[in-house]
2 protein chains.
Amino acid sequence: MTEPRRDVFQAIADPTRRGILMLLATQAMTPNALAEQFETSRQAVSKHINILQECGLVKAEQSGREIHYSLEVTKMKEVDAFLEPFRKLWANRFDQLDDLLSNL
Amino acid sequence: MTEPRRDVFQAIADPTRRGILMLLATQAMTPNALAEQFETSRQAVSKHINILQECGLVKAEQSGREIHYSLEVTKMKEVDAFLEPFRKLWANRFDQLDDLLSNL
DNA sequence: TAAATTCGCAACCATATAGTTGCTTATTTT
DNA sequence: AAAATAAGCAACTATATGGTTGCGAATTTA
């Protein structure tokens, strides 16, 4: 039983999880409230939330029998950091186009 | 046989594929040259390249018996676009910290 | 032209993933 | 106290993923 990969990139690979993250970006929500937004069961959503928690993208706060999940937005900076060198590339291409246009 | 998912998020979920993308950000490369950089076989790398091609992150150019793969960097903007709302959030938090500090 | 190189393709394998169903626990509501 | 609600957990299933090996086609090199 090798450990499954649990990182931000794995987490955002699933469209349902991306949806959950988008919703949690606006407000903290319970699993039931989240599940209502997707074409899947509460249990399935619950599993996704677990994965998001394991990799630190989401944190939980118990309140009576409800659990409110909220976003740990800074964790998303890992994706942003990965993107950085690529962003430089498309910025350069824009510069090149800029140079081209100014030479006309 | 349902179609496997093939999108940018799925593509960057694998660490080897992220490595390939990083290398291709610096220069176009052949599968063999790429495979030498990783602890895996040429065939495995080749499969990753296929996936990267299918989702439009990489393009191929044949040159004799060699194939040079290069990055389609603009495709990465899809990830950047997804990140946009979250970036806003951590920018806001920075502003809040800023406010807090200036009130001391 | 024969040997070597580059590389894709197909078949196969082990494991991870995403989902389901059924159950239990804890907290509210009535 | 009984019923209803919220949610985690475990077992199970089907499919995707990442990898391997073996093979064949195309292009160079000797």
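So that the names make sense, note that chain A is the first sequence line, chain B the second, and so on, each numbered from 1.
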* Nearest-Å distance, CG (B:N50) to P (D:dA16)? -> 17 Å
* Structure fact -> Of all heavy-atom pairs linking B:A28 and B:S70, the shortest is CB-CB, 3.9 Å
* Please state how far atom CD1 in B:I49 lies from atom C1' in D:dG18, giving the value in whole angstrom units. => 15 Å
* Using atom CG of B:L34 as one end and atom P of C:dT6 as the other, report the distance to the nearest whole Å. => 14 Å
* Close side-chain approach of A:L52 and A:Y69, heavy atoms under 4.5 Å -> no
* **Ion pair check, B:E72 and B:K75, cut-off under 4.0 Å** => no
* Structure fact -> A:R17 atom CZ is separated from C:dG19 atom C1', nearest whole Å, by 12 Å
* To do: Take nucleotides 20-30 of chain C nucleotide by nucleotide from the 5' end and write B, S or -, depending on whether a protein heavy atom sits under 4.0 Å from the base, only from the sugar-phosphate, or from neither.
  => BBB----BS--
* Asked: Counting only side-chain N and O atoms of A:Y69, is one of them less than 4.0 Å from OP1 or OP2 of D:dG8?
  -> yes
* Side-chain N or O of A:S46 closer than 4.0 Å to phosphate OP1/OP2 of D:dA7 -> no
* Ring centers of A:F9, B:F9 separated by less than 6.0 Å -> no
* Asked: Considering only D:dG8, C:dG8, C:dC7, which nucleotide approaches the side chain of B:T30 most closely?
  -> C:dC7
* **Sub-4.5 Å side-chain heavy-atom contact between A:F82 and B:V79** => no
* Asked: Looking at A:N32, does any N or O in its side chain come under 4.0 Å of the phosphate oxygens OP1/OP2 on D:dT5?
  -> no
* To do: Between A:H48 and B:Q53, just flag the one whose closest nucleotide in DNA chain C comes earlier from the 5' side.
  => B:Q53
* Quick one: does A:T30's side chain get under 4.5 Å of A:I67's, heavy atoms only? -> no
* Once you round it to whole Å, what is the distance between C1' of C:dC9 and CD1 of B:I67? -> 12 Å
* For A:L52 and D:dG8, what is the distance between atoms CG and C1' respectively, to the nearest whole Å? -> 16 Å
* Heavy-atom closest pair, residues B:Q53 and B:V58 -> CG-O, 3.4 Å
* Asked: How long is the line joining CZ of B:F38 and C1' of D:dT20, in whole Å?
  -> 19 Å
* Structure fact -> In whole angstroms, the gap separating C1' of C:dT17 from CG of A:D7 amounts to 14 Å
